[in-house]
Protein chains: 2
Amino acid sequence: MKLSRQFPLNALRVFEAAARLLSFTKAGEELGLTQTAVSYQIKLLEDTIGEPLFLRRPRQVILTDAGERLAPKISQAFETIGDAIASTRSQSDGTLIIHTTATFASRWLAHHIGTFQLENPHIAVRMETSQETIDFSKTEADVAIRSSKSGIWPGLRSHFMMKSHFTPMLNPKLAESVGGINHPADLLKVRIIDASDPWWRLWFLAAGVTEIDLAARPTSRFGGIQAFEAAAAIAGHGVAILKPEFYTDDVALGRLYQPFDLLASDGSDYWFAYPETRRNSPKIRAFREFMRKMMPTFRD
Amino acid sequence: MKLSRQFPLNALRVFEAAARLLSFTKAGEELGLTQTAVSYQIKLLEDTIGEPLFLRRPRQVILTDAGERLAPKISQAFETIGDAIASTRSQSDGTLIIHTTATFASRWLAHHIGTFQLENPHIAVRMETSQETIDFSKTEADVAIRSSKSGIWPGLRSHFMMKSHFTPMLNPKLAESVGGINHPADLLKVRIIDASDPWWRLWFLAAGVTEIDLAARPTSRFGGIQAFEAAAAIAGHGVAILKPEFYTDDVALGRLYQPFDLLASDGSDYWFAYPETRRNSPKIRAFREFMRKMMPTFRD
DNA sequence: CTGCATGGATCAAGAGGACTTATCCATGAA
DNA sequence: TTCATGGATAAGTCCTCTTGATCCATGCAG
């Protein structure tokens with residue numbers, strides 16, 4: 001059976017307005033309905049309650065005792081509902097949940113999010129990190145930042161943020177200790193941090209160095225988590241293959257050194273995504289504009 | 001625009017159940033809907049709020065932060081509404097508003113209503129008196145007792161209660177003071193209380209007395225309000241034309257005397273009426289059964 | 001008193017929204 | 001693996017609800 005039959009909520013909504021305004025016509029105006037509709041709904045409600053709620057006097061309606069008793073409680077209930085929805089909406093509007101990779105979070109977001117918060121003091125940011133790409137219907141998140149080749153996901157709108165290119169980086173002291181890194185082959189003088197990282201092969205390929213057996217080399221394995229590899233490189237344990245955009249600070253502080261301008265790419269890029277249906281949500285819109293401003297390579 | 005669009009109350013109702021049971025299927029069962037309908041309504045609500053309320057995990061749904069915040073308030077609001085309706089219904093069920101004539105109220109109801117209240121202790125009785133026939137849509141009333149010729153009113157169900165016949169009555173001492181009232185013509189020895197009352201003409205007609213010019217006689221006028229005429233008769237001011245059923249007490253107490261068995265009628269009868277649509281209302285049903293029992297001439 | 005404005009009731013017709021049925025999919029359990 | 005569970009999706013149906021027209025009663029102004 002139809003729910004509205006068992007529990008005529010819309011009729012109650014109409015009743016509330018009519019009882020407050022003591023006029024079917026005015027109630028209709030307030031609710032965007034015709035007077036006819038109001039009359040119909042009130043009668044419906046009276047039928048289900050089994051009591052008349054209004055006395056129909058010419059040119060005015062007045063509440064019966066039953067109506068008089070019912071009205072204030074109904075008003076209050078709808079006020080509760082209205083408040084609840086409004087506060088849910090505003091509180092949710094007030095919290096932006098960002099899902100991103102650990103590296104992007106620590107290397108880019110952590111440095112820039114302060115600006116976003118200064119510009120949007122009413123939006124709290126909650127950051128979640130995960131390696132896997134998330135499903136917005138299964139995970140509580142407003143936006144996600146992921147590395148991917150295409151940036152096309154069904155139901156999601158996505159924006160290109162930056163190319164995911166990489167280059168070897170190491171502690172400058174380590175470079176000096178082996179007499180400097182002037183040619184790609186010089187890299188082999190130091191330990192390769194996680195030589196199993198597929199990026200290495202791609203970079204050496206781009207550099208024209210093909211005859212290296214990376215698999216044979218001593219290596220430290222970090223499961224491809226860039227942040228760990230970077231930490232090892234900073235500590236002088238070897239040379240890591242990193243995204244230089246993420247380590248400009250470390251370069252400036254002399255903790256890392258990028259020996260070559262050459263950048264290689266595995267074809268993946270960084271994308272920013274959110275559900276298509278929520279593209280106009282204020283907080284998502286605000287974050288999108290922030291990203292557009294802060295990231296020169298951002299594209300619609 | 002449709003009200004349910006602006007304010008998806010039914011969707012909220014569904015959400016409330018789903019949030020409480022943490023299952024769309026169970027919510028559907030509770031509300032008498034299919035799981036599909038629940039899914040549809042929840043999505044509708046999420047669209048209007050602009051926030052996901054549930055995370056769809058395989059074989060279970062869980063509330064998002066937003067849903068978690070919304071649910072308790074909505075539950076409470078619906079509880080308020082449910083209580084309000086229930087209490088309106090029960091309180092209204094608990095008060096029976098009877099509209100009747102002053103005479104019937106004072107002469108019959110007042111004597112018998114105690115029995116009704118003993119039998120129905122949870123029903124409070126409110127009595128309103130009025131001369132005019134009332135309009136249930138304009139006057140707050142559950143049942144009405146009226147004198148009328150046909151007992152047929154559109155939209156009302158009515159029951160015949162008693163014939164509205166009448167006969168002269170006077171204080172026995174007054175009767176003695178004129179040597180007794182043995183023939184209709186003897187009535188002319190005493191003052192006729194409200195000779196302008198049309199009942200007198202009808203009664204004399206029934207008694208075969210035609211050659212009386214009532215208009216010419218000294219009279220007291222009470223506007224046809226029987227209770228006033230009766231009071232005057234009891235006080236010994238003259239003879240009144242009354243419904244004997246209403247004055248059995250006064251006859252028993254020796255305050256009134258009915259000299260003739262002859263009863264005349266103007267064709268009106270006493271009817272008991274209420275809106276057809278409310279015939280099954282418990283309080284109306286209770287009162288109808290009471291009337292049926294107390295009034296031998298009651299007819300369906 | 002007459003005519004107008006106001007506010008509600010009633011009616012028929014039609015739109016569109018709320019459901020249903022059928023089907024599919026993913027997962028956890030046996 | 002197969003089955004059971006719980007939800008999503010698509011398409012179609014039914015009927016609630018809205019609309020617009022019309023009518024009625026009353027209060028008010030002239």
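Here the structure is a predicted model, which means the values were calculated and not measured. Hydrogens, waters and symmetry mates play no part in the numbers below; they use all other heavy atoms, side chains included. Quick note on labels: first sequence line is chain A, next is B, and so on, each numbered from 1.
Rounded to an integer number of Å, the gap from CG of B:Leu55 to P of D:dG7 is 13 Å. The interatomic distance linking A:Asn10 (CG) with C:dG16 (C1') rounds to 14 Å, in whole Å. Whole-Å rounding puts the B:Asp135 CG to C:dA9 C1' distance at 12 Å. Rounded to whole Å, atom P of D:dC17 lies 14 Å from atom NZ of A:Lys43. Counting to the nearest Å, the C1' atom of D:dC17 and the CG atom of A:Leu44 are 10 Å from each other. Distance, B:Leu22 CG to D:dT5 P: 19 Å, rounded to whole Å. Protein atom CD of A:Glu46 is 12 Å distant from nucleotide atom C1' of C:dA9, rounded to whole Å. Spacing between atom CZ of A:Phe15 and atom C1' of D:dC17 amounts to 20 Å, rounded to whole angstrom units.
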Point to revise | Stepwise ring-ring contact (aromatic ring centres under 6.0 Å, His included) test for A:Phe54 and A:Phe15 | key: CA-CA 10 Å; A:Phe54 285 99; A:Phe15 167 72; 5.7 Å; yes
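Each of A:Val38 and B:Tyr40 was assigned the nucleotide of DNA chain D with the nearest heavy atom; the assignment lying further toward the 5' end belongs to B:Tyr40. Comparing B:Val14 and A:Lys26 against DNA chain C, the residue whose closest nucleotide sits nearer the 5' end is A:Lys26.
At the phosphate of C:dG28, neither OP1 nor OP2 sits under 4.0 Å from any side-chain N or O atom of B:Gln60.
Judged purely by atom type and a 3.5 angstrom limit, B:Gln35 has no side-chain atom pairing as donor or acceptor with the backbone of B:Phe24. For A:Ser92 (side chain) and A:Arg89 (main-chain N/O), no donor-acceptor pair under 3.5 Å exists by modelled atom type. Under a 3.5 Å cut-off, the side chain of A:Thr139 and the backbone N or O of A:Ala141 do not form any donor-acceptor pair.
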Exercise for review: Classify every nucleotide of nucleotides 20-30 of chain D by which part a protein heavy atom approaches to under 4.0 Å, writing B for the base, S for the sugar-phosphate alone and - for neither, in 5'-to-3' order.
Suggested key: BB----BB---
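Listed candidates were D:dT19, C:dT10, D:dC17. Nearest to the side chain of A:Ser39 is C:dT10. The listed nucleotides are D:dT18, C:dG8, D:dA8; the one nearest the side chain of B:Arg56 is D:dA8. The nucleotide whose nearest atom lies closest to any side-chain atom of B:Thr25 is, among D:dG6, C:dC19, D:dA8, D:dG6. Considering only side-chain atoms of A:Ser23, the nucleotide from C:dG8, C:dC19, D:dT18 that sits closest is C:dG8.
With 3.5 Å as the limit, one finds no donor-acceptor pair spanning the side chains of B:Tyr270 and B:His159. When only modelled atom types and interatomic distance are considered, A:Thr100 and A:Arg146 share no side-chain donor-acceptor pair under 3.5 Å.
To the nearest 0.5 Å, atom CD1 of residue B:Ile74 and atom CG of residue B:Leu70 are 4.5 Å apart. The line from CZ of B:Phe104 to CE of B:Met162 is 5.0 Å long, rounded to the nearest 0.5 Å. Annotation: the span from A:Leu22 atom CG to A:Arg57 atom CZ amounts to 12.5 Å, rounded to 0.5 Å. Taking CD1 of A:Ile134 as the start and CH2 of A:Trp153 as the end, the distance is 10.5 Å to the nearest 0.5 Å.
In the helix from C:dC1-D:dG30 to C:dA30-D:dT1, the terminal helix axes, each the rotation mapping four pairs' C1' atoms onto the next four within five end pairs, subtend 30°, rounded to 10°.
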